[in-house]
Amino acid sequence: MIAIDWTSLGLGLIVGALVGALFFTGLAWGIRLALRAARPAPVLLMSAALRIGVLLGVGWLIAGQGLTALAGFALAFVAARFTATAITRPSAGTEGR
């Protein structure tokens, strides 16, 4: 039987949820800034570089804690992604307006 380190999994879940929330908040903020900018490409590139760098850096630190923590981190990040897309998706009655 496989032994699961629940503390490590919990650490990964908590950190993954926080980094996921930070990642998608940064995405929304970067897009808002780019929409107001005269040249949006540099804003979007800097936003992407910062978000990806933070995600990979924290993921690297969590991976050092073990595979269980990394699995929790990945699961929580994917859950944050689904939550972010569910929140920002337009409701069925407002499409086409």
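- A continuous path of Ile, Leu, Val, Met, Phe, Trp and Tyr side chains, each step under 4.5 Å between heavy atoms, connects Ile31 with Leu22, placing both in one hydrophobic cluster.
- Residues Ile87 and Thr83 are in side-chain contact: their nearest non-hydrogen atoms beyond the backbone lie under 4.5 Å apart.
- Hydrophobic clustering places Phe23 together with Val58 (ILVMFWY residues linked when any side-chain heavy atoms are closer than 4.5 Å, directly or through intermediates).
- Shortest non-hydrogen contact noted between Ala34 and Pro40 is O-CB, 3.3 Å.
- For Leu61, the CG atom counts as densely surrounded, since its 6.0 Å shell holds more than 12 non-hydrogen atoms of other residues, nucleotides or ligands.
- Atom OG of Ser8 sits about 9.5 Å away from atom CG of Leu70, to the nearest 0.5 Å.
- Under the 4.5 Å side-chain contact rule for hydrophobic residues, Leu75 and Phe24 do not share a cluster.
- Considering every non-hydrogen atom in both Gln65 and Leu11, the closest pair reads CG-CD2, 4.1 Å.
- Residues Val43 and Gly30 share a closest heavy-atom pair of CG1-O, 3.8 Å.
- Separating the CG atom in Leu45 from the CG atom in Leu50 is a distance of 11.0 Å, to the nearest 0.5 Å.
- There is a path of hydrophobic side-chain contacts, each under 4.5 Å, that joins Ile62 to Val19.
- In this structure, the side chain of Thr85 engages the main chain of Arg81 through a donor-acceptor pair within 3.5 Å.
- Taken to the nearest 0.5 Å, the CG atom of Leu44 stands 9.0 Å off from the CG atom of Leu27.
- Closest of all the heavy-atom pairs between Ala76 and Gly16 is CB-C, 3.6 Å.
- Under the 4.5 Å side-chain contact rule for hydrophobic residues, Met46 and Trp29 do not share a cluster.
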